[in-house]
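Worksheet for the structure shown next.
Labels below follow one simple rule: chain letters A, B, ... track the order of the sequence lines, proteins then strands, and each chain is numbered from 1.
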Number of protein chains: 2
Amino acid sequence: MKEGPDIARIATLIGDPARANMLTALMCGQALTATELAQTAGVTLATASAHLSKLEEGGLLTQRKQGRHRYFALADHRVASLLEDLAGLAATRGHLRHRPGPKDPALRRARICYDHLAGDFGVRILDSLIERGAILSEDETLTLTTTGRQFVCDMGIDVETIETPRRPLCRACLDWSERRSHLGGSLGKALFDQMLAKGWAKREPESRAIRFTREGTSRFLALFPVQDVDAA
Amino acid sequence: MKEGPDIARIATLIGDPARANMLTALMCGQALTATELAQTAGVTLATASAHLSKLEEGGLLTQRKQGRHRYFALADHRVASLLEDLAGLAATRGHLRHRPGPKDPALRRARICYDHLAGDFGVRILDSLIERGAILSEDETLTLTTTGRQFVCDMGIDVETIETPRRPLCRACLDWSERRSHLGGSLGKALFDQMLAKGWAKREPESRAIRFTREGTSRFLALFPVQDVDAA
DNA sequence: TCGATGCTTCGGTTACGATCGAAGTATGAA
DNA sequence: TTCATACTTCGATCGTAACCGAAGCATCGA
């Protein structure tokens with residue numbers, strides 16, 4: 001009778017709280033073991049194992065055996081994008097798990113969103129790039145301008161190599177903490193990778209939070225100025 | 001402990017088969033009554049009513065009273081986008097409810113996708129616009145070029161009026177039947193609206209299928225030529 | 001005023017799936 | 001070999017939520 005893709009199947013996979021916690025944890029972009037995921041999800045290893053099988057069978061996760069460990073990661077960036085969109089929608093509908101207050105300031109300031117920067121700092125990047133005319137924001141669609149290509153090139157990023165047909169270069173990713181968009185896509189990833197490489201920032205272990213060094217912060221603020229208040 | 005939007009809540013809402021059927025039915029862009037939705041979902045009115053309350057409370061649906069009828073529709077295009085993405089992902093993961101064979105040829109040829117054209121015809125629009133340089137396809141991000149603006153303008157569509165900050169002008173929407181992208185966004189809607197207005201095509205009642213008239217088909221194929229085989 | 005239609009609420013049943021402990025398998029270390 | 005770690009499978013329990021029929025409201029037409 002009905003024809004079409006089975007959206008309920010995938011939605012059900014994401015819909016279980018334990019599985020949603022696992023997927024959210026994997027948004028850090030790193031592969032995690034079954035034991036680690038069981039802990040973050042708050043269930044026993046037996047339960048986690050069952051969940052992970054389902055997620056893998058559903059095509060949301062990939063598994064990599066390494067010795068006696070099993071590392072799980074999101075299947076690809078499309079899954080990550082879907083989760084981001086879901087989080088963005090949930091935020092605008094007021095579905096927050098806890099108070100949206102300044103619970104974890106570090107997370108709200110700078111955190112990883114699959115493979116790029118989110119939070120206050122992430123939003124600032126996009127705002128700044130739009131202000132200087134590097135990115136054209138047509139509604140929710142982002143385009144890197146000629147000016148932007150030059151700017152990015154000056155930073156030592158080769159646009160050609162990060163431009164693939166499998167992923168958008170620029171992507172507006174709605175931020176649940178800021179309720180504004182930050183920069184995703186392969187450019188978002190490249191910029192973040194470079195900050196790590198330059199030693200401006202480091203990932204906090206066991207968390208999605210990103211810790212900027214003192215110098216990293218000032219360099220960051222200088223590189224991405226914004227018109228409004230500089231109350232960073 | 002955990003902070004962030006509750007993605008599980010929204011995913012659970014979509015994850016129930018009956019609710020997923022309702023949401024899919026509403027992708028036709030029309031508002032439907034509770035009774036109609038109950039039928040398409042295959043449940044009694046009592047059950048449907050409970051589902052609809054949940055969907056509304058979750059912010060996915062809006063309700064409009066009209067006499068003794070209650071019309072339900074998707075809350076906004078963001079919800080529609082999410083459902084589209086979900087369907088696209090489900091399709092690439094091979095989660096089809098039935099054989100992906102030519103079950104309903106009419107649906108595969110031309111059907112409505114929230115408010116724009118999908119299926120073989122929908123894919124053709126985007127392919128053709130890219131070929132003639134009207135749309136620049138940078139990865140998965142679409143931009144209307146100057147050439148494109150002129151072309152659309154010649155068709156009698158005023159780009160200024162359909163350009164809103166709330167919705168992208170062009171959006172690549174992965175097609176579950178074609179496994180290729182078709183054109184969504186406000187331009188996709190505008191083009192489709194015009195085809196209906198010109199009498200090229202009509203919606204089938206009780207279905208997402210679009211029936212093109214004989215003349216409408218030839219006009220359509222002429223307006224959107226593609227290099228490859230014209231085996232439409 | 002009365003009946004018909006469209007929908008919601010209530011109460012009770014049922015089924016599915018999330019969960020855990022315990023036992024089983026695989027890999028690595030000693 | 002033997003033990004420890006990492007994970008899976010099994011079997012049983014339990015809670016939630018989907019479901020329906022019947023009764024209750026609300027709105028419309030006559």
Within residues 44-52 of chain A: residues closer than 4.0 Å to DNA chain D (heavy atoms): Leu45(A), Ala46(A), Ser49(A)
Backbone of Thr33(B) reached by a side-chain donor or acceptor of Arg70(B) within 3.5 Å: no
From Ile157(A) atom CD1 to Leu187(A) atom CG, the distance as rounded to the nearest 0.5 Å: 6.0 Å
Member of Asp127(B), Ile125(B), Leu126(B) meeting the side-chain contact (heavy atoms from CB on, under 4.5 Å) criterion with Val123(B): Asp127(B)
Interatomic distance where CZ belongs to Arg9(A) and C1' belongs to dG17(C) [whole Å]: 16 Å
Distance below 4.0 Å between Lys65(A) side-chain N/O and dT27(C) OP1 or OP2: yes
Where Cys28(B) and Arg208(B) come nearest, the two heavy atoms and their spacing: CB-CG, 4.3 Å
Gap separating the CG atom of Leu37(A) from the CG atom of Leu32(A), nearest 0.5 angstrom: 5.0 Å
Parallel, tilted or perpendicular: rings of His182(B) and His116(B) (30°, 60°): tilted
Between CZ on residue Arg108(B) and CG on residue Asp120(B), distance to nearest 0.5 Å: 10.0 Å
Expected output: side-chain Thr217(B) to main-chain Thr213(B) donor-acceptor under 3.5 Å: yes
Sugar-phosphate only, base, or nothing, as touched by Thr33(B) at under 4.0 Å among non-hydrogen atoms: sugar-phosphate
Distance in angstrom units between Leu32(B) CG and dG6(C) P, rounded: 15 Å
Protein-nucleotide distance (Ile14(A), atom CD1; dG17(C), atom C1'), rounded to Å: 18 Å
Rounded interatomic separation in angstrom, taking CZ from Arg70(A) and C1' from dG28(C): 14 Å
Nucleotides bounding contact with chain B, strand DNA chain D, heavy-atom threshold 4.0 Å: dA18(D) to dC28(D)
Whichever of Ala34(B) and Thr12(A) has its nearest DNA chain C nucleotide further upstream toward 5': Ala34(B)
